[in-house]
Amino acid sequence: MILRSVLIVVLVVGILFPASQSLRFELQSGHTKCISEDIKGNSMTVGKYHVVNPNEDHPLPDSHKLTVRVTSSYGNSFHSAEKVETGQFAFTTAEQGDYMACFWAPDHSPQMTVTVDFDWRTGVHAKDWTNVAKKGQVDAMELELKKLYDTVTSVHEEMFYLREREEEMQELNRATTSKMFWLSFLSLFLCLSVAGLQFWHLKTFFEKKKLI
């Protein structure tokens, strides 16, 4: 009964929590494509990429090789490779924010299209549980418990991260509301001032003309 409950929880969490960002995209020669991922601080992230060979019977031409850069929103570089057909990166984030992986295909005439497979994993899903099981020599139940514990920890950290982002958004909304209030007050003051000056000017004009 306990094993069944644990497996159900693991299954539900696995469905609700995205495992990775795995995709295939096309990149035209002379162009750059960037993919961003919002990652919280002190989180493991790994990525693998390779160029799909259009002709498996022949080696990949130099025109199909890529230049790859992985940077943070603060401009820090975590991975750099030039003229490669495959590669991977792994690092632990120092700060939270958007991390960007950019792929550039060299210019070629006539223009061609390069197909790239890219798999980007973060958090608990960046761990290789097969190696964990082999190194620790644990049984299936203990392995599932380890995975469940790390998944719950990751979800718990993600909840705190989202709460911090929500507090930042609320603070921004409060600041924006305050600025809009003072802007509206200033606009109303200026309108009333201009109306008062116009009334005073017209009154003075009519008094000079002895109309009133």
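This is a predicted model, so every value here is computed, not measured.
Aromatic ring pairs are classed by plane angle as parallel below 30°, tilted from 30° to 60° and perpendicular above 60°; the pair F185 and F181 is parallel. The aromatic rings of F118 and F103 lie perpendicular to each other, with more than 60° between the two planes, well past the 30° mark.
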Identify every side-chain donor-acceptor pair in residues 68-75 under 3.5 Å, counting partners at least two apart or on other chains, and give the distances.
{"unit_1": "R69", "atom_1": "NE", "unit_2": "S80", "atom_2": "OG", "d": "3.4"}
{"unit_1": "R69", "atom_1": "NH1", "unit_2": "S80", "atom_2": "OG", "d": "3.0"}
{"unit_1": "R69", "atom_1": "NH1", "unit_2": "A81", "atom_2": "O", "d": "3.4"}
{"unit_1": "R69", "atom_1": "NH2", "unit_2": "E82", "atom_2": "OE2", "d": "3.0"}
{"unit_1": "S72", "atom_1": "OG", "unit_2": "Y74", "atom_2": "N", "d": "3.3"}
{"unit_1": "S72", "atom_1": "OG", "unit_2": "N76", "atom_2": "N", "d": "3.3"}

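For H79, the side-chain hydrogen bond (donor to acceptor under 3.5 Å, both in side chains) partners at least two apart in sequence or on another chain are Y49.
Residues V51 and I35 are members of one and the same hydrophobic cluster, defined by side-chain heavy-atom contacts under 4.5 angstrom among Ile, Leu, Val, Met, Phe, Trp and Tyr. Residues W120 and V84 share a hydrophobic cluster, clusters being chains of Ile/Leu/Val/Met/Phe/Trp/Tyr side chains in contact below 4.5 Å.
The salt bridge (charged side-chain N to carboxylate O under 4.0 Å, His left out) contacts involving residues 174-193 comprise E171-R174, where partners must be two or more places apart or lie in separate chains. Applying the disulfide bond (SG atoms under 2.5 Å apart) rule to pairs touching residues 31-61 yields C34-C102, sequence neighbours excluded. Every pair tested for disulfide bond (SG atoms under 2.5 Å apart) that includes a residue from residues 44-80 fails, sequence neighbours excluded, so the list is empty.
Through side-chain heavy atoms spaced under 4.5 Å, either directly or across other Ile, Leu, Val, Met, Phe, Trp or Tyr residues, L188 is tied to L192.
Atom CG of D98 has more than 12 neighbouring heavy atoms from other residues, nucleotides or ligands inside a 6.0 Å radius.
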Subject >> side chain to side chain contact (heavy atoms under 4.5 Å, CB included) between R165 and K40, worked out >> reply: CA-CA 11 Å; R165 295 296 295 268; K40 60 180 179 293; over 6 Å; no
